[in-house]
*Asks:* 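There's a structure below that I have some questions on.
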Amino acid sequence: MKLIQSFYDSDDTLKMAKDLIGHFLYTNLDGNITGGMIVETEAYMGVTDSSCHTFNNRKTNRNATMYCQGGVIYMYVCYGIHDMLNIVTGSEGDSQVILIRAIEPLTGIEIMKERRGDVPLKRLTKGPGSLAKALGLKRIHDGISLTEDKVWIEDQGFKVEPENIIETARIGLGCPEPYFSIPWRFFLKGNVFVSGKTK
DNA sequence: GACGGGATTTACT
DNA sequence: GTAAATCCCGTCA
């Protein structure tokens, strides 16, 4: 069952970041459906979070989408090479997002392999750059709604027990404390597609 | 108009 | 473990 607009309107971004673990993310681009189960997310909590692109109410062309009403995707390029997929949450103007860091590949695996080149299955969708590439998402998809038919998330009734969601510090940040180590990264315990350290 | 750097990945040694 | 790849964007001149 596809998640509807009201799911994304919630401003409890941390709860959503955990809820998304065990949900299913799909894209339908160029006539190809690809996707899998979300196993790793990170929350970026808006203007008060010094690691967030909108820290201090910063408004630029790049981050404009982050201020949209929840339910659209924010895509940006990191290191000039990798496109990153984020889910915008909450009300218009509050700029909180959830970075999708990894999925377990399930649908359209052959298509994803073509997009990724010659990599082993276990690395197909591990890490935010790999995931976006496998799903065919690029910066040009910035601002697309999750309630339309190019990219969406489903609840398929997969239950994740709270004790199987591990919380750690976010990965790759260069910001000062306390946000450097605040545990706003979430992943599914024991899943081999989780990136970075898995304990 | 120049310059620095980044929510990473991969291929090296 | 370390380094290279690589591109806008945001900032400052």
Side-chain angles (χ1 to χ4, degrees), chain A residues 13-14 16-18 20-21 25 34 36 38-68 70 72-90 94-105 112-144 146 151 165-188 191-198:
Chain A
T13 303
L14 292 175
M16 284 181 59
K18 284 182 268 195
L20 286 177
I21 307 289
L25 169 67
T34 52
I38 298 170
V39 297
E40 183 183 3
T41 62
E42 280 179 2
Y44 287 82
M45 298 298 284
V47 299
T48 59
D49 176 355
S50 62
S51 72
C52 188
H53 293 166
T54 60
F55 179 56
N56 244 352
N57 214 32
R58 197 173 140 93
K59 289 189 173 72
T60 65
N61 286 333
R62 181 177 74 156
N63 71 20
T65 303
M66 295 177 74
Y67 290 95
C68 293
V72 299
I73 64 174
Y74 169 54
M75 297 291 308
Y76 86 100
V77 181
C78 186
Y79 296 101
I81 310 167
H82 304 293
D83 297 85
M84 304 280 188
L85 168 65
N86 297 262
I87 309 300
V88 179
T89 69
D94 83 6
S95 82
Q96 298 185 359
V97 303
I98 297 167
L99 171 68
I100 308 298
R101 290 192 55 91
I103 68 173
E104 176 171 337
M112 292 195 281
K113 281 182 175 169
E114 281 178 31
R115 287 171 177 156
R116 288 274 288 131
D118 185 25
V119 300
L121 178 66
K122 63 182 181 182
R123 284 198 207 148
L124 191 59
T125 53
K126 177 194 292 233
S130 305
L131 161 97
K133 189 170 184 187
L135 292 176
L137 290 168
K138 299 196 179 68
R139 195 172 53 85
I140 56 170
H141 299 110
D142 182 62
I144 289 180
L146 288 155
V151 52
I165 295 182
I166 311 295
E167 308 181 1
T168 73
R170 294 170 291 180
I171 293 180
L173 305 187
C175 72
E177 296 288 8
Y179 291 104
F180 182 77
S181 358
I182 195 165
W184 284 346
R185 168 177 175 245
F186 307 99
F187 66 87
L188 182 59
N191 187 279
V192 297
F193 295 98
V194 174
S195 71
K197 293 195 170 127
T198 54

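Quantities reported herein were computed from a predicted structural model and do not represent experimental measurements. Residue numbers start from 1 in every chain, and the chains themselves are labelled A, B, ... in the order their sequence lines are given, proteins ahead of strands.
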*Asks:* Is the shortest distance from a Lys or Arg side-chain nitrogen in A:Arg170 or A:Glu42 to a carboxylate oxygen in the other one below 4.0 Å?
*Replies:*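 Looking at A:Glu42 together with A:Arg170, the answer is no, because their closest N to O distance does not fall below 4.0 Å.
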*Asks:* Ring-on-base stacking between A:Tyr79 and C:dA5, under 5.5 Å between centres and under 30° between planes: is it there?
*Replies:* no
*Asks:* With distance as the sole criterion, do the side chain of A:His53 and the base of B:dA7 form a donor-acceptor contact below 3.5 Å?
*Replies:* yes
*Asks:* Test your reading of the model: is there a side-chain donor-acceptor pair from A:Tyr74 to the backbone of A:Ile98, 3.5 Å cut-off?
*Replies:* no
*Asks:* It should be established whether A:Arg139 places a side-chain nitrogen or oxygen under 4.0 Å from OP1 or OP2 of nucleotide C:dC9.
*Replies:* yes
*Asks:* So, does A:Arg58 get its side chain near the phosphate of C:dC9, meaning an N or O under 4.0 Å from OP1 or OP2?
*Replies:*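 Indeed not, no polar side-chain atom of A:Arg58 lies that close.
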*Asks:* Is the phosphate of C:dT11 approached by A:Arg62 (side-chain N or O, under 4.0 Å from OP1 or OP2)?
*Replies:*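 Indeed not, no polar side-chain atom of A:Arg62 lies that close.
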*Asks:* According to a strict under-4.0 Å criterion, is A:Thr60 in side-chain N/O contact with OP1 or OP2 of C:dC9?
*Replies:* no
*Asks:* Can you tell me if A:Lys59 has over 12 outside heavy atoms packed within less than 6.0 Å of its NZ?
*Replies:*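 Yes, enclosed.
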*Asks:* OP1 or OP2 of B:dA7 versus the side-chain N and O atoms of A:Arg185: is any pair under 4.0 Å?
*Replies:* no
*Asks:* A:Val119 has a side chain; which of C:dT11, B:dT10, B:dT8 sits nearest to it?
*Replies:* B:dT10
*Asks:* Is the distance between the ring centroids of A:His53 and A:Tyr76 under 6.0 Å?
*Replies:* yes
